[in-house]
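Structure record follows, encoded as structure tokens.
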Amino acid sequence: MKLSARIAAPAAALVLAGLTATACAPQTSDTGAKGDEKSGTLRVWLFQEVGNKPKEKVVDAAVADFEKSHKGADVEIEYIPVDTRAQRIKAAFNDPKSAPDLIEYGNTDTAGYVKDGGLADVSEEFAAWDEAKDTDPTAKQSVTVGGKVYGAPLFVGVRALYYRTDVFDELGIEPPKTQDELISTARKIHQEKPDLYGLAVGGAYTYGAMPFIWARGGELAEETGVTYKAAINSGKAREGIEAYTSLFGDDNCPAAKCAAMGGNATVTAFASGKAAMAIGGDFSHAAVEAGTVKGKYAVVPLPGVKEGTIAPAFAGGNNIGVLKSSSHRTLAVDLMKALTGKKTQAKMFDAMGFLPTYTDVLDSAAEKEPFVGPFVETLGAGAKFVPASPAWGQIDASLVLPTMFQEIVSGRKDVDAASDDAAKKMDAAFAEAG
């Protein structure tokens, strides 16, 4: 196995939140492979993590097994920074001769990369792969565009409700069982303890807001058969927007401080003891454990509208796909399976805490590490995904939804006007993407 020089790490949260490219490659005219060589060097681009050594160890073991069973093939791994991936992958799509055979990519990038003509359709191989039958349905959705499969899920990430057990015990309150209780509990805590946010929320925290919309039956967009149409301004979506934005104010999380916060900032506020609750991911566990609240918190699924229900969470995560330009298609697909198979995902969970995408491996992870339980329960209740459109990258990069939330919490626009404006921007992006 050949290993390239490691490259400086970006922020880990960018990898784990469900990545979205800030730029897309133009449609390429000829990215098809010429032949299917059964030996030679396969080049792989994986994302560089903060603290990458554990990931490297797991990958190296998977590659060693692959090379042992595929005589004449060797593998060259390069770890690339997440924040420059868009440019690197755009260049690879436009210059197949210098492109890798496989790439790791954020699951919100799938549709855009398919439109760009960069990813190979591996539907047939995925369907015939015995392990794939145990793939979580939402994870499979993240590699599926137009009914075809363009890769294999590597890990999934979802969010749940972190809360301070010491604060709840002191005030004699229980974890909220509905979203109305969540809002009232947040306000009660802030009233009793003005130095704490009841629930840390962020105007730029799109993935923290989505469960409020989805729990009320709202959607970001609706598929029309050939494209998508924004649904963020529907009645049900507006109910969710109203619920989420009601948490910004002097009775919980002042807009002046919280409107600009993203997901990382809300988790940091919780970990540092400035908030009694926060919506954080399974991938936030290490940061919280390293904070001042260590030993004084617990996690439960984010409640839905009705008692006994769980709010749908966004299923983030990363995938590994074969490039259409690869001249080693059969080998590349086999390597994709080796890097995303059950054995590797189980090891990756132990090494990095990444949630497996196989239901049986996920259950084993929950038995091994109790903190995973609420996230597994959230996945089992039915997580959701962003529109499988190449337009989503532009919508996300243009901050359409954060702008909407921030306009509302600042008082510049009401929910109806802000959501109508957001819908217009989304529809323009969908129309442009085709």
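- Here the closest heavy-atom approach between residue Pro312 and residue Lys384 is recorded as CB-CD, 3.7 Å.
- In this structure, the separation between CG on Leu247 and SG on Cys253 is 8.5 Å, given to the nearest 0.5 Å.
- Annotation: side chain of Leu161 is in contact with side chain of Leu199 (closest heavy-atom distance under 4.5 Å).
- Between the side chain of Asp282 and the main chain of Val158, a donor-acceptor pair closer than 3.5 Å is present.
- Between Asp420 and Asn233, the side chains place a donor N or O and an acceptor N or O closer than 3.5 Å (distance only, hydrogens not considered).
- The side-chain heavy atoms of Trp214 and Glu219, taken from C-beta on, include a pair separated by under 4.5 Å.
- Between Arg164 and Asp166 there is a salt bridge, since at least one side-chain N of the basic residue sits less than 4.0 Å from a carboxylate O of the acidic one.
- When atom types are taken as modelled, the side chain of Lys133 and the backbone of Asp130 share a donor-acceptor pair closer than 3.5 angstrom.
- At distances below 3.5 Å, not a single donor-acceptor pair connects side-chain atoms of Thr185 with backbone N or O atoms of Leu182.
- A distance-only check finds a donor-acceptor pair linking the side chain of Asn52 to the backbone of Glu49 [under 3.5 Å].
- Of all the heavy atoms in Ala99 and Ala92, the pair that sits closest is CB-O, 3.4 Å.
- Within the 4.5 Å cutoff, no side-chain heavy atoms of Asp136 are placed close to those of Val156.
- Distance alone, capped at 3.5 Å, places no donor-acceptor pair between the Gln48 side chain and the Val82 backbone.
- Between Phe155 and Met352 the shortest side-chain heavy-atom distance does not fall below 4.5 Å.
- Ile395 contributes atom CD1, which lies 11.5 Å from atom OG1 of Thr206 (distance to the nearest 0.5 angstrom).
- No donor-acceptor pair closer than 3.5 Å links the side chain of Lys296 to the backbone N or O of Gly273.
- Without hydrogens or angle criteria, Asn107 side chain to Asn319 main chain gives no donor-acceptor distance under 3.5 Å.
- To the nearest 0.5 Å, atom CZ of residue Phe385 and atom OG1 of residue Thr110 are 5.5 Å apart.
- Without hydrogens or angle criteria, Tyr150 side chain to Ala111 main chain gives no donor-acceptor distance under 3.5 Å.
- Pairs engaging residues 243-254 under the side-chain hydrogen bond (donor to acceptor under 3.5 Å, both in side chains) rule: Arg187-Asp251 [sequence neighbours left out].
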Stepwise salt bridge (charged side-chain N to carboxylate O under 4.0 Å, His left out) check, Lys53 with Glu56 | CA-CA 5 Å; Lys53 291 298 181 184; Glu56 292 174 25; 3.6 Å; yes

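- Between Met336 and Ala152, the shortest heavy-atom contact is SD-N, 3.8 Å.
- Residues Phe126 and Lys140 have side chains in contact (heavy-atom distance under 4.5 Å, counting atoms from C-beta outward).
- Note on Lys90 versus Asp116: no salt bridge recorded, every NZ/NE/NH1/NH2 to OD/OE distance being 4.0 Å or above.
- Leu401 places a side-chain heavy atom less than 4.5 Å from the side chain of Leu220.
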Audit row: Tyr197, Thr266, side chain to side chain contact (heavy atoms under 4.5 Å, CB included) steps and yes/no = CA-CA 10 Å; Tyr197 302 137; Thr266 63; over 6 Å; no

Let me see the working for Val299 and His285 under side chain to side chain contact (heavy atoms under 4.5 Å, CB included), right down to the final yes or no.
-> CA-CA 10 Å; Val299 184; His285 180 254; over 6 Å; no

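- There is a side-chain donor-acceptor pair under 3.5 Å between Asp121 and Ser123.
- Aromatic ring orientation, Phe314 versus Tyr207: parallel (interplanar angle below 30°, classes split at 30° and 60°).
- A distance-only check finds no donor-acceptor pair linking the side chain of Thr359 to the backbone of Thr135 [under 3.5 Å].
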Given Ser398 and Gln394, is the side chain to side chain donor-acceptor pair (under 3.5 Å) satisfied, shown in steps?
-> CA-CA 6 Å; Ser398 300; Gln394 179 60 34; 2.5 Å; yes

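- To the nearest 0.5 angstrom, Ile89 atom CD1 is 12.0 Å from Asn94 atom CG.
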Report the C-alpha separation of Glu289 and Lys294 in whole Å, then their side-chain angles, then the decisive distance to 0.1 Å, and conclude whether the salt bridge (charged side-chain N to carboxylate O under 4.0 Å, His left out) test is met.
-> CA-CA 5 Å; Glu289 278 289 292; Lys294 179 180 174 65; 2.7 Å; yes

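- Formation of a donor-acceptor pair under 3.5 Å by the Glu407 side chain with backbone atoms of Arg412 is not found in this model.
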For Val59 and Met348, run side chain to side chain contact (heavy atoms under 4.5 Å, CB included): C-alpha distance rounded to whole Å, both residues' side-chain angles, the deciding distance at 0.1 Å, then the answer.
-> CA-CA 9 Å; Val59 170; Met348 197 69 81; 4.2 Å; yes

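- Scanning all heavy atoms of the two residues, the minimum distance from Ile320 to Tyr105 falls at C-CE2, 4.0 Å.
- Once rounded to the nearest 0.5 Å, the distance linking CG of Leu302 with CE of Met210 reads 14.0 Å.
- For the residue pair Ala275 and Phe270, the shortest heavy atom distance occurs at O-CD1, 3.4 Å.
- Taking the six-membered ring for Trp, Phe405 and Tyr205 have ring centres at least 6.0 Å apart.
- The two residues Val201 and Met261 make their nearest non-hydrogen contact at O-CE, 3.2 Å.
- Between Phe212 and Arg216 the shortest side-chain heavy-atom distance falls below 4.5 Å.
- The distance from the CZ atom of Phe349 to the CG atom of Leu362 is 8.5 Å, given to the nearest 0.5 Å.
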Derivation of the side chain to side chain contact (heavy atoms under 4.5 Å, CB included) call for Leu335 and Val75 | CA-CA 9 Å; Leu335 181 56; Val75 178; 3.9 Å; yes

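- Every pair passing side-chain hydrogen bond (donor to acceptor under 3.5 Å, both in side chains) that includes a residue from residues 333-345 is listed here, sequence neighbours excluded: Asp65-Lys343, His70-Asp334, Asp134-Lys342, Lys342-Asp360, Gln345-Thr357.
- Annotation: side chain of Arg85 is in contact with side chain of Asp109 (closest heavy-atom distance under 4.5 Å).
- For residues 268-277, there are no side-chain hydrogen bond (donor to acceptor under 3.5 Å, both in side chains) pairs, not counting sequence neighbours.
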